[in-house]
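Accompanying notes for the structure given below.
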Protein chains: 4
Amino acid sequence: MKIAFIGLGNMGGPMAMNLQKVGHTLSAFDLSKEACNKFAAEGLPIAASAAATLAGAEVVISMLPASQHVEALYLGEGGLMAQIAPGTLVIDSSTIAAATSRKVAEAGARRGVAVIDAPVSGGTGGAIAGTLTLMVGGSEAELERARPVLEKMGANIFHAGAAGAGQTAKICNNMLLGILMIGTSEAIALGVANGLDPKVLSEIMRRSSGGNWALEKYNPLPGVMDNVPSSKGYAGGFGTDLMLKDLGLAQENAAAVRASTPLGGLARNLYAAHSLGGNGALDFSSIIQVLQSQANKQER
Amino acid sequence: MKIAFIGLGNMGGPMAMNLQKVGHTLSAFDLSKEACNKFAAEGLPIAASAAATLAGAEVVISMLPASQHVEALYLGEGGLMAQIAPGTLVIDSSTIAAATSRKVAEAGARRGVAVIDAPVSGGTGGAIAGTLTLMVGGSEAELERARPVLEKMGANIFHAGAAGAGQTAKICNNMLLGILMIGTSEAIALGVANGLDPKVLSEIMRRSSGGNWALEKYNPLPGVMDNVPSSKGYAGGFGTDLMLKDLGLAQENAAAVRASTPLGGLARNLYAAHSLGGNGALDFSSIIQVLQSQANKQER
Amino acid sequence: MKIAFIGLGNMGGPMAMNLQKVGHTLSAFDLSKEACNKFAAEGLPIAASAAATLAGAEVVISMLPASQHVEALYLGEGGLMAQIAPGTLVIDSSTIAAATSRKVAEAGARRGVAVIDAPVSGGTGGAIAGTLTLMVGGSEAELERARPVLEKMGANIFHAGAAGAGQTAKICNNMLLGILMIGTSEAIALGVANGLDPKVLSEIMRRSSGGNWALEKYNPLPGVMDNVPSSKGYAGGFGTDLMLKDLGLAQENAAAVRASTPLGGLARNLYAAHSLGGNGALDFSSIIQVLQSQANKQER
Amino acid sequence: MKIAFIGLGNMGGPMAMNLQKVGHTLSAFDLSKEACNKFAAEGLPIAASAAATLAGAEVVISMLPASQHVEALYLGEGGLMAQIAPGTLVIDSSTIAAATSRKVAEAGARRGVAVIDAPVSGGTGGAIAGTLTLMVGGSEAELERARPVLEKMGANIFHAGAAGAGQTAKICNNMLLGILMIGTSEAIALGVANGLDPKVLSEIMRRSSGGNWALEKYNPLPGVMDNVPSSKGYAGGFGTDLMLKDLGLAQENAAAVRASTPLGGLARNLYAAHSLGGNGALDFSSIIQVLQSQANKQER
């Protein structure tokens with residue numbers, strides 16, 4: 001299948017490579033010359049512009065940083081949507097505002113182009129291994145049409161609902177994840193401040209009503225679990241600034257629909273403070289450092 | 001075995017009955033005449049006073065509402081500790097401040113009485129069925145000595161650490177539970193405000209990084225799960241005022257050890273507002289109502 | 001002076017009337033037929049469309065509900081900016097995103113039209129009395145050019161900085177106001193729950209380091225002050241939903257510039273819950289009801 | 001007048017000295033040998049023990065760090081209350097739990113000793129200058145009896161209500177102050193992140209509905225005001241750990257009376273994080289650092 005792929009960052013690049021590996025014919029582009037050169041060196045065909053990727057493409061995939069980039073790519077003056085052939089399938093895997101996803105889908109509908117939003121989670125590791133989770137917004141038929149391609153990028157595909165629903169599901173999940181991570185960090189830090197063994201406490205809560213994904217897979221305190229970011233100096237994983245972006249999208253969405261999310265709002269603002277403190281590049285589980293005494297942090 | 005049992009409330013009463021059913025000889029007491037009469041009618045031997053339960057008791061178990069009651073029972077002028085025979089084992093299953101548990105344990109040590117704190121979770125259903133979770137603070141040896149009795153009251157027994165550690169583990173877990181429940185409620189309410197199907201969204205998050213006990217066993221939105229309080233008008237389960245009490249203990253503890261628990265503190269204050277709104281007797285998952293529009297609530 | 005005035009809501013209508021009263025020649029418009037009719041009946045000349053107000057206008061003033069309306073008015077296809085004569089002065093008094101204000105100002109600069117943002121505070125009472133506070137973004141020269149007109153709409157004119165700065169100053173102030181009002185409500189409710197006389201406590205805090213505008217002018221508890229919304233059933237004043245909108249703008253702005261505003265975020269989410277509870281039309285000082293027991297509220 | 005004075009810390013020491021300066025005859029004590037020596041060197045008569053200060057005392061004043069110290073001083077085994085002559089007046093100026101103040105007052109009543117709580121604010125500067133604010137709990141008659149002494153320690157004396165009300169008024173005020181300071185810091189930091197001049201923004205908010213004590217007297221951003229802690233490296237003033245203590249008392253009180261104080265709870269937990277970050281000794285206005293980027297902080 002001929003696939004146009006736009007956006008070759010840490011996530012998009014490996015996703016495009018995985019599609020090429022299973023035999024699809026790609027034409028890719030990124031505004032960053034550096035990103036283009038990097039994947040050209042790995043054998044990915046690079047086009048001269050975003051528009052130039054479209055020639056003959058049956059599927060267009062985009063993976064961009066934020067709403068304004070997606071809007072500019074598809075909808076701006078000279079945007080791609082006017083140039084995409086009717087009948088094409090567009091998969092936008094960027095994590096952006098649901099409202100923007102709906103706007104692109106509506107523009108697609110007017111032109112006879114099917115558009116689904118399919119934001120991913122699973123980090124760069126998941127992108128490289130092809131084990132991402134995708135949350136899809138679009139019709140059942142559009143999802144089924146996209147499934148063969150999506151299955152080469154990710155391992156879990158959820159149908160969240162109509163256009164934009166993939167975005168909403170992702171920000172709901174990631175808002176909850178941000179809350180879980182801080183809440184779990186607070187409980188562990190409180191136990192440790194009382195002299196409890198964090199491994200023992202983590203195990204008790206994991207098997208009790210406090211059980212959650214962070215205790216299961218991603219303990220934030222160094223030394224409790226092997227092979228998680230907290231035990232590797234908070235390197236790798238899902239960066240604080242990426243969590244901050246998703247929590248910001250959740251608050252913008254909450255403002256738009258007049259929802260109340262007190263813990264989600266607080267989580268965003270705590271992550272913002274953590275980022276302002278110079279920790280934006282650390283894994284998001286490093287938020288536990290905000291709750292630990294300076295002395296303990298130096299000991300680590 | 002001869003067991004003195006003090007505190008015959010909704011939790012203590014059934015716990016005492018379970019111990020009697022397996023063949024122990026009980027002598028029980030409660031300050032409430034009504035509670036005494038209720039369990040006397042079920043065949044539980046009631047003593048004339050707390051002190052009167054002690055005659056010949058090898059084990060003393062207490063299940064009281066709050067720190068001040070435990071302190072008054074054991075340590076006040078004319079408190080039981082001075083009357084308990086050295087060599088006796090005391091199991092306090094009340095959920096109270098860790099500092100109070102340690103004070104009672106220290107008083108016990110001076111008299112040669114082993115004291116463990118063993119607060120429970122699992123609600124009145126668990127108390128009746130004997131499936132409670134117990135979090136134990138005390139030495140390994142003391143726990144092993146208590147285990148045969150504890151196993152008749154609960155199904156899961158965790159050793160959290162030294163005296164008071166059972167209390168700390170419980171408030172850490174329940175603080176996390178309170179956070180999970182509100183966070184899960186926010187995520188579902190935000191999704192619903194965006195038009196998502198709450199069953200679909202709950203299932204996506206349950207299987208993703210937002211996964212937690214509330215999504216697994218106790219969905220707060222009516223209609224998503226059967227046989228949970230939210231689908232039974234928030235009756236039964238774990239009451240808002242009990243969650244509020246535990247979250248208050250967590251904040252008192254955080255103040256005592258100078259810990260920082262921003263989400264835990266907010267959870268307490270949101271549950272306090274929910275209780276002030278007249279919902280103290282509803283199950284704690286009813287907190288989702290704070291995040292729903294009046295109109296939606298009336299529809300239910 | 002000939003003034004085009006677009007937006008005749010509860011604020012805009014009286015502002016336009018005040019300008020007419022002092023002798024300016026107005027041509028006004030609102031998308032709502034009802035609003036047009038209401039002010040036509042009061043003698044305000046109504047044009048057939050927004051564009052029709054422009055004929056001969058030296059100054060264009062707009063007072064619209066939200067960013068998207070301002071963007072649509074000036075910048076959309078067929079937007080006014082392309083039709084406004086170079087040399088005209090535009091005063092946008094809407095409370096909107098600073099980014100939108102800057103976009104309009106930049107479009108104005110390209111056409112030779114001076115644009116200032118001048119959001120107001122002071123409520124409908126202030127709009128009618130001409131005693132509003134205006135926070136202005138634009139150059140010093142532009143402000144001086146606008147001043148004679150601004151002085152007919154408001155009593156206090158602050159120069160906050162360059163284009164967009166008026167908006168930023170307003171959301172900073174109103175975010176702080178939302179925090180003050182909730183914080184003051186919490187302090188009073190806590191005192192009352194301890195048996196203190198709210199008048200005595202309010203007076204002590206007003207004269208101490210807790211002193212703030214809410215204690216000075218706008219006590220949230222009924223009966224402490226006369227002639228404030230709390231003593232009139234929370235009617236009039238500044239509505240909960242308007243405060244919610246401003247707090248939402250603050251959070252969107254915080255997300256855009258990656259600022260951390262934990263209390264501001266919590267304030268928004270508490271106001272959102274209050275609005276969802278059916279209180280959106282009550283004055284924003286009614287937030288104290290969230291912190292009072294049901295029983296107390298019924299007594300009032 | 002003969003005055004027994006117990007507690008010669010940074011606050012108590014200067015308060016005792018001021019009483020001696022105006023001609024009272026003091027007998028003072030502190031558990032810290034160092035504190036005793038320091039004030040002995042300044043001419044204050046030091047007794048051999050707390051009990052030894054009582055000989056002939058008409059008034060007993062105490063200024064201790066926390067509830068447990070006051071409880072131990074007056075009520076413990078061998079506590080002072082049993083040794084104070086009936087008819088004596090006790091003034092406890094410690095900032096402690098209202099419940100403890102009431103307990104001491106009740107013990108006093110049983111012995112015929114009048115006890116008032118009179119916690120102070122105004123910092124060490126106010127203690128030295130004799131310009132403290134005192135918030136008094138006790139009867140009108142008791143306050144009038146104490147007034148001549150109180151007037152030598154402070155400049156503003158407020159009667160908050162019955163026994164314990166002084167404590168409640170103080171924690172309500174200081175909770176509100178903690179909220180004001182963080183809220184003001186957020187508003188300023190948000191404005192600065194948007195490019196506004198902090199002096200201009202501070203002045204606009206001070207004169208608008210965001211006006212509060214922090215903007216009036218104690219701007220948290222270095223360089224906006226002279227002679228405030230923020231412009232002196234956050235030295236002096238009211239330390240972060242003291243604010244943390246008061247906010248902790250407020251949360252303990254809220255738990256005891258089941259009040260809801262969401263911003264107050266968050267303020268405590270943010271100050272706790274700031275203290276854990278190694279800033280406990282800095283003035284409490286340094287909380288703005290949590291909201292500033294690392295880069296900005298290094299520039300200062």
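The number of heavy atoms from other shown groups lying within 6.0 Å of NZ (B:K103) does not exceed 12. For B:K232, the NZ atom is densely surrounded, since the number of other residues' heavy atoms within 6.0 Å is greater than 12.
Summarising the geometry, atom CZ belonging to A:F158 is positioned 10.0 Å from atom CG belonging to A:L134; distances are rounded to the nearest 0.5 Å. Distance check: B:L270 CG to B:H274 NE2 gives 10.5 Å after rounding to the nearest 0.5 Å. Atom-to-atom distance recorded for A:M225:CE and A:S230:OG is 8.5 Å, nearest 0.5 angstrom.
The contact between B:L196 and chain A is made entirely by side chain atoms (from C-beta outward), counting heavy-atom distances below 4.5 Å. If you measure heavy-atom distances from A:A189 to chain B, you find no contacts under 4.5 Å at all. In this structure, chain A has no heavy atom under 4.5 Å from any part of B:S121. Heavy atoms closer than 4.5 Å to chain B are found in the side chain of A:L215, but not in its backbone. Contacts of B:M135 with chain A are made by side-chain atoms alone, with heavy-atom separations under 4.5 Å and no backbone atom involved. Heavy atoms of A:A259 lying under 4.5 Å from chain B belong exclusively to its side chain.
A:D241 and A:Y271 share no side-chain donor-acceptor pair at under 3.5 Å. Checked by atom type, the side-chain pair A:T124/A:N10 shows no donor-acceptor distance below 3.5 Å. Under 3.5 Å, the side chains of B:N219 and B:S202 contain a donor-acceptor pair of N or O atoms.
Between B:F284 and B:F238, the two ring planes are perpendicular [angle over 60°; tilted spans 30° to 60°].
Highest contact tally toward chain B, considering only A:S185, A:P262, A:G137, A:G264, is held by A:P262 [criterion: heavy-atom pairs under 4.5 Å]. Taking chain A as the reference chain and counting heavy-atom pairs below 4.5 Å, the highest number among B:N253, B:L201, B:T184 is found for B:N253. Ranking B:N173, B:N212, B:L190 against chain A, the residue ahead of the rest is B:N173, based on heavy-atom pairs under 4.5 Å. Between chain A and the residues B:L177, B:T168, B:I204, the largest count of heavy-atom pairs under 4.5 Å involves B:I204. Of the listed residues (B:D197, B:N194, B:V200, B:I179), the one with the most heavy-atom contacts under 4.5 Å to chain A is B:N194. Per-residue heavy-atom pair counts under 4.5 Å with chain A were compared for B:T261, B:V257, B:L266, and the maximum is reached by B:T261. Ranked by heavy-atom pairs under 4.5 Å with chain A, the first of B:S260, B:G122, B:A267, B:A214 is B:S260.
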